[in-house]
Amino acid sequence: MSRNASAGRDGDDSESKELNRLKAFHSAGRGFWSNVPDADWNDHRWQLKHRITTLAQLERLMPTLTPEEHAGVMLANTKLSLAITPYFFNLIDLADEKCPVRRQVIPSIEETHTASWEMSDPCGEDAHSPVPGLVHRYPDRVLFLVTDRCASYCRYCTRSRLVSNAAGYDFHPEFDKQLDYIRRTPSIRDVLLSGGDPLLLSDEKLDALLGRLRAIPHIEFVRIGSRIPVFLPQRITPELCAMLKKHHPLFVSMHANHPRELTTEVSDALGRLADAGIPLGCQTVLLRDVNDDVTVMRALMQKLLLCRVKPYYLYQCDLIAGSAHLRASVRRGLEIMEKLRGHTTGYAVPQYVIDAPGGGGKVPVNPEYILNHNADRVLIRNFEGKIFEYPEAADGTPLLPAPREIEEPELV
Ligand code: SF4
């Protein structure tokens with residue numbers, strides 16, 4: 001065996017070891033809360049009540065807080081609040097300043113560095129809002145914002161102008177007005193409940209809202225967008241699942257960015273949703289030093305399948321003000337997609353999209369697989385770089401008749 005071949009195999013072995021390490025399921029454990037009774041720890045209300053929301057709490061729990069993080073927390077309450085459930089806090093590697101979980105939820109002073117192309121409403125939602133809390137951008141579907149609260153706050157949140165109310169947006173959804181618009185607009189057949197996190201609503205309130213939506217004859221399909229399965233798996237109770245089950249067809253789009261977020265607790269919670277017959281998809285945001293790595297992304301996507309979740313979208317991080325330190329390049333995103341398609345199960349390959357800045361909607365972006373396309377043929381390449389031709393006519397004959405005689409250049 002040549003030295004290079006051996007080096008290549010060693011590289012494959014170490015990559016596969018790393019992949020398996022990332023895909024292993026672990027419990028988040030109890031960490032600082034080892035004395036809390038099980039009944040409290042497993043109660044989502046206890047988790048919400050004991051969230052880490054202040055600098056003093058964070059300093060006590062995290063002696064390794066960096067000066068940038070310290071300054072970021074000081075300013076968080078004017079931009080996007082700090083909140084982390086004790087459960088999710090346990091996933092942070094306190095010894096690692098670059099911990100991928102830490103980067104997502106611990107504020108940094110870098111959030112105050114804004115560029116002229118960054119926006120407070122990068123997807124132009126407010127401009128497409130016929131009534132407060134409803135975004136109608138695509139013809140047959142609406143985004144229905146139900147709350148401005150989340151179990152924990154993501155530092156790259158595209159809706160940070162609104163969620164947590166730290167920036168003073170003062171969001172007060174009025175379900176009657178939102179439902180009335182949907183009722184009056186028969187072209188709407190699909191409603192996505194989002195926020196904030198809809199699963200923070202009580203079972204009763206969510207049940208009533210879903211029931212009112214289901215009573216509208218032209219509503220075929222309802223989705224719930226939520227990061228609760230990852231931030232607060234304790235909220236996915238059997239009672240919640242039994243209630244959701246009444247409102248089929250109902251999908252849940254969860255949100256996970258790193259394989260470490262998929263713990264045994266999360267896997268169990270997702271299993272309860274799946275057992276209730278709820279199709280599960282995942283939205284992932286491409287984030288620098290969190291998941292802009294082929295092995296990490298592959299592990300995340302494969303681990304989602306193990307949790308019975310179909311990876312749905314990989315989002316290019318929106319141009320939200322103060323997110324430059326968390327944004328990876330589109331080039332990096334394409335490189336990662338190139339290493340997923342064909343290299344792993346098709347179900348594990350999400351659609352990479354850019355939400356067009358200013359409100360153009362989601363635009364799929366893919367590595368280039370079509371090398372040439374004319375009336376007769378399409379020239380394609382596969383994941384290994386091999387090139388193939390596919391005829392446009394069903395019987396393989398050229399669509400354009402060949403010229404009867406070739407004009408000799410000298411006669412022209
Ligand atoms: S859970 Fe969703 S809405 Fe809430 S902060 Fe994170 S990204 Fe934003």
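Both ligands and their constituent atoms are indexed starting at 1 by order of listing.
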For this session: Output, by chain and residue number, all protein N/O/S atoms separated from atom 8 (Fe) of ligand 1 by less than 2.8 Å.
Result: C157 SG
For this session: Decide if the gap between the ring center of F175 and the ring center of F144 is smaller than 6.0 angstrom.
Result: yes
Problem set entry | Distance-only donor-acceptor check, side chains Q57 and T54, under 3.5 Å | yes
Problem set entry | Side chains of S27 and E265, donor plus acceptor under 3.5 Å | yes
Problem set entry | Cation-aromatic face contact R141/Y138, 6.0 Å, 45 degrees | yes
Exercise. Quick one: nearest non-hydrogen protein atom to atom 2 (Fe) of ligand 1, plus distance?
Worked result: H255 ND1, 4.5 Å
Exercise. Who pairs with R60 by salt bridge (Lys or Arg N to Asp or Glu O under 4.0 Å), at least two apart in sequence or on another chain?
Worked result: none
Seminar exercise, completed: ring-ring contact (aromatic ring centres under 6.0 Å, His included) with W41: of Y87, F32, W46, only one passes, and it is W46
